[in-house]
Amino acid sequence: MKAVVSTFPRSHVAAAEAGAAGDNYLTHAHGIRSWLFTIDHKRIGVMYLVSILAAFLLGGIFAILVRTELLTPGPTIVSADNYNRFFTLHGAIMVFLVIIPGIPAALGNFVLPIMLGAKDLAFPRLNLFSYHLWVLGALLAVLAIVTGSVDTGWTFYVPYATTTGMGGVVPVLLGAFVLGFSSIFTGLNFIVTIHKLRPPGMTWFRLPLFLWALYATAVIQILATPVLGVTVLLLIVERVLGLGIFQPGLGGDPVLYQHFFWFYSHPAVYIMILPAMGIVSEIVSVFSRKHIFGYHFIAFSSIAIALFGFFVWGHHMFVSGQSNLVTTIFSLLTYSVSIPSAVKVFNWLATMHGGSISLRTPMLYTLAFIFIFGIGGLTGLFLGALAANVHLHDTYFVVAHFHYVMMGGTLIAMIAGIHYWWPKMTGRMYSERLGQLSFAAVFLGFNLTFFPQFIMGSHGMPRRYYNYPPQFEFLHQLSTVGSYLMTVGFVLIAVYLLHSLFAGRRAPANPWGGATLEWHCASPPPAHNFDEPPPAGDPYDFNDLEYDARIGGYVYGTRPVAADSEPT
Amino acid sequence: MSTSRPADSSAGAPAPHLQHHFTSPAQQFESVVLGMWLFLATEILLFGGLFCAYAVYRANHPEIFEYAHVYLSKSLGAVNTAILLVSSFTMASAVWAAQQSRARLLRIMLALTIACGLGFLGIKYVEYKHKWHEGLLWGKLYRPQHEAAPFSAHHAFEHGQTPPAAPTSAPGDTDVSWVFTPGDTGPRGLLAPGDTTPLVSPEPKVHNVQLFFGVYFALTGLHAVHVLAGLVLLGWTLWRAALGHFSAAYFTPVAMVGLYWHVVDLIWIYLFPLLYLIH
């Protein structure tokens, strides 16, 4: 073992030592108020993570109720009305409270300023306000559940959403409105931070790809979410006062509602998937011990996906009465999104090619992402094709497709990210063996749950149905058993992560050998991240990192940190 | 909005408004300005959805808009436009006064801006009250009154203009018998009091006139909410100005509230011709 000589400025060494000695963002202040009203981006990120995981638990319970009901044709455990409530709440909670804020608000909040070399986001109070808005949105969702619930599906299509007798429609719409603004303010904060708080030396092309992904996400959050805001606002007025703009009985146009809704909600799909792709870009490179392949292509493909994503919303309405010309154009544009997505996938594969891959838990989940996203993305092309879409529209094929992208993509990447940054956030290492076991349960369970749904859908099983013909029973049961297996995986993750908080080995500053700046400060980081920003080099240059068995982590070797080297 | 204001907590002695994570007041100011412009972009997009709804319905049913817009008072709309333009001037002057450290002028200009905003809302109230009285409301509440003629229709008649003729043939897709009943007849009362000669068919063939009023109330209502929010922000700015918080060294909140107020004015500049000045 070579002598470990740090070439960082002494202040960073001092900061790291201070962190190890106990003064970090977790111990910097005490009491419940020091959390609820903190303006430290790290604490806000942790609060987001805890809250989002709680919402994930709630949405997951509804998912399991839905899957259990579908074990047999006809009534199994709940009435048809309750079944409608459950799938609606599952969808609304998972989309608006979990997947959309998930990666940017929880993990992004925590690592963005540190990766950048900044002390905080540009607007720390606005960041706290975003979190409080999220909590308000979650409370409104709970209010919706206790005031009679919702059975409209998470898309709230009119005229049903204006006429259904369920009392929770208005609270849940208000919740979506409030959550929209939470998302807008987070995106605004991220854009300003990346533009204005980059320290000297942190050029655009030294940004880690996760930050490019968050930037592209923030652009969509800002440009698309206000349209959702005004749409749900109009829907509330429609339901309460009978405005008439969307209601056919009053001369309005329900398809206009669909246009408005999907003008937001399709780009929202990229709000979900882009940050996931950012996490994958980080982990693939670090765990292959190899420089990311095609940095610029991955960075610009994020921007391209963000822009193309705005021109494809019509593919949700191929059977809603658009003209043939419009459907053809939307179909063509839909295919265009697959180009930048495929660019990313091939770059990840090229990064791994010839690398020395270590199959730690974050990497396993990342490989799961690439495999599952491949299937989810390619089945999207089936749905983008006009003739196939008419056959597959509103079947389980669609359900399987978007779960392959949203859950198998976004959520599994989020789990990868949680494992990747867990030592940084908590200062503890989790059990690697249990992590790998959880991966097996989640990966197998996921595919067992959703792959049969592709088959059911292509055979004509419609989504959202309470009852079904007996020939689908076996596939539905496979799907339900898969969802139970996945649940076991998630419970296992919760158990060993919580256990690690109390009994886990103390984490070194850089357990994985990452070269981005968050690995340059202690685990957990000190309250102000850096006294002065560390020199920004190539975020994927691992040549100087050496494994030190004494601390169980990586340290910089004798070669100087490449502060002035050109990024490649 | 108040949410994007720079904090006034003290971090370092030389620049009391500089937050700890910024390196200079200039960097902080630039960040706040960029954040505010992004926020204003989201405001424009929020209205964008409604403008889009306007465009769709106007393109598909121009007869509704031509027929119904005469029920809005052009003169009140014009006065309100003038009021908001003046308020933009006083707001810009307030920002200038803050930059020049002219505290008294700043307070006067902020107060004038608030007065203009209140005047705008007062006139809007008169207009809304009239519409309410006439039953010229949105979808479900659309119940045009027979006896009371809308004043703008009087106005047009007295000046020798021809009230808009109802289209002789409605587009086929609007001519459906199952459409909600109140929308079928359209507003009546186009006759001047005492005049027995019908100017237009007593049963105009314009369907779904309530759509125009739905769009009108949605657009102007959302705008009025924004004016109200602007007034709250202006009041807060005036209060801080009275406490002497602003000077050439620190005027960020005045400048940001000013940007917001200008955007609210700008939206009205589009609403006025689109709703009141059709043809």
Side-chain angles (χ1 to χ4, degrees), chain A residues 39 41 113 118-126 129-130 133 180-181 184-185 187-189 191-193 195-197 199-200 218-219 221-231 233-234 237-238 241-253 255-257 259-260 263-264 528-529 533, chain B residues 1-7 9 19-23 27-28 30-39 41-54 56-57 60-61 64 137-142 174 176 178-180 182-184 207-211 213-215 217-218 221-222:
Chain A
I39 53 170
H41 70 97
K119 288 181 178 167
D120 208 322
L121 289 174
F123 308 119
R125 290 189 199 180
L126 183 64
F129 182 59
S130 300
L133 281 180
F181 273 87
I184 286 174
F185 290 141
L188 189 156
N189 227 334
I191 288 188
V192 175
T193 307
H195 269 282
K196 296 291 178 190
L197 291 191
V219 169
Q221 285 175 309
I222 285 192
L223 294 182
T225 318
V227 179
L228 176 79
V230 77
T231 305
L233 213 53
L234 283 174
V237 178
E238 189 80 70
L241 298 174
L243 181 65
I245 286 183
F246 296 141
Q247 218 167 327
L250 295 170
D253 186 350
V255 179
L256 186 67
Y257 171 81
H259 278 286
F260 278 15
F263 181 83
Y264 164 76
H528 294 306
N529 302 347
Chain B
M1 301 288 287
S2 62
T3 47
S4 60
R5 72 178 195 269
S9 62
Q19 289 181 291
H20 79 281
H21 57 292
F22 292 108
T23 52
Q27 188 196 30
Q28 175 168 318
E30 281 172 22
S31 301
V32 174
V33 170
L34 177 61
M36 192 65 196
W37 278 107
L38 288 171
F39 175 74
T42 69
E43 287 284 22
I44 299 283
L45 284 160
L46 188 75
F47 278 91
L50 281 170
F51 280 117
C52 193
Y54 175 96
V56 168
Y57 286 121
N60 288 342
H61 306 288
I64 295 176
L137 299 174
W138 55 87
K140 201 167 70 178
L141 298 182
Y142 179 71
T174 61
V176 280
W178 50 266
V179 166
F180 195 71
D184 285 344
H207 296 288
N208 295 324
V209 177
Q210 75 280 0
L211 271 179
F213 291 102
V215 171
F217 277 102
L222 189 63

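Chain letters run A, B, ... following the sequence lines, proteins first, then strands; residues in each count from 1.
- Rounding to the nearest 0.5 Å gives a distance of 13.5 Å between CH2 of B/W37 and CG of A/L188.
- Proximity to chain B (any heavy atom under 4.5 Å) is shown, for A/N189, by neither the backbone nor the side chain.
- There is no contact between A/H259 and chain B, counting heavy-atom distances below 4.5 Å.
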query: Please walk me through it: do B/Q27 and A/L197 pass side-chain contact (heavy atoms from CB on, under 4.5 Å)?
result: CA-CA 8 Å; B/Q27 188 196 30; A/L197 291 191; 3.4 Å; yes
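- When all heavy atoms are compared, the tightest approach of B/W138 to A/G242 is CD1-O, 3.3 Å.
- In this structure, the side chain of B/E30 does not engage the main chain of A/K196 through any donor-acceptor pair within 3.5 Å.
- In this structure, B/F217 CZ and A/L241 CG are separated by 11.0 Å, a value rounded to the nearest 0.5 Å.
- Heavy-atom pairs under 4.5 Å with chain B peak, among A/I191, A/I184, A/D253, A/T231, at A/D253.
- Rounded to the nearest 0.5 angstrom, A/L256 CG and B/N60 CG are separated by 9.5 Å.
- B/H20 contributes atom NE2, which lies 5.5 Å from atom CG of A/D120 (distance to the nearest 0.5 angstrom).
- Here A/Q247 contributes atom CD and B/Q210 contributes atom CD; the two are 10.5 Å apart, rounded to the nearest 0.5 Å.
- Side-chain contact between B/L222 and A/L233 is present, with at least one heavy-atom pair separated by less than 4.5 Å.
- Among all heavy-atom pairs drawn from A/V230 and B/G49, the shortest one is CG1-CA, 3.9 Å.
- Distance check, rounded to the nearest 0.5 Å: CG of B/L211 to CG of A/L243 gives 9.0 Å.
- No side-chain donor-acceptor contact under 3.5 Å links B/Y142 to the backbone of A/L250.
- Across B/H21 and A/A122, no two heavy atoms sit closer than the pair NE2-O, 2.9 Å.
- The shortest distance between side-chain heavy atoms of B/V32 and A/F123 falls below 4.5 Å.
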Atom pairs and distances, donor-acceptor, side-chain atoms in residues 221-229 of chain A, under 3.5 Å, two or more places apart:
{"residue": "A/Q221", "atom": "NE2", "partner": "A/S183", "partner atom": "OG", "Å": "3.1"}
{"residue": "A/T225", "atom": "OG1", "partner": "A/Q221", "partner atom": "O", "Å": "2.5"}

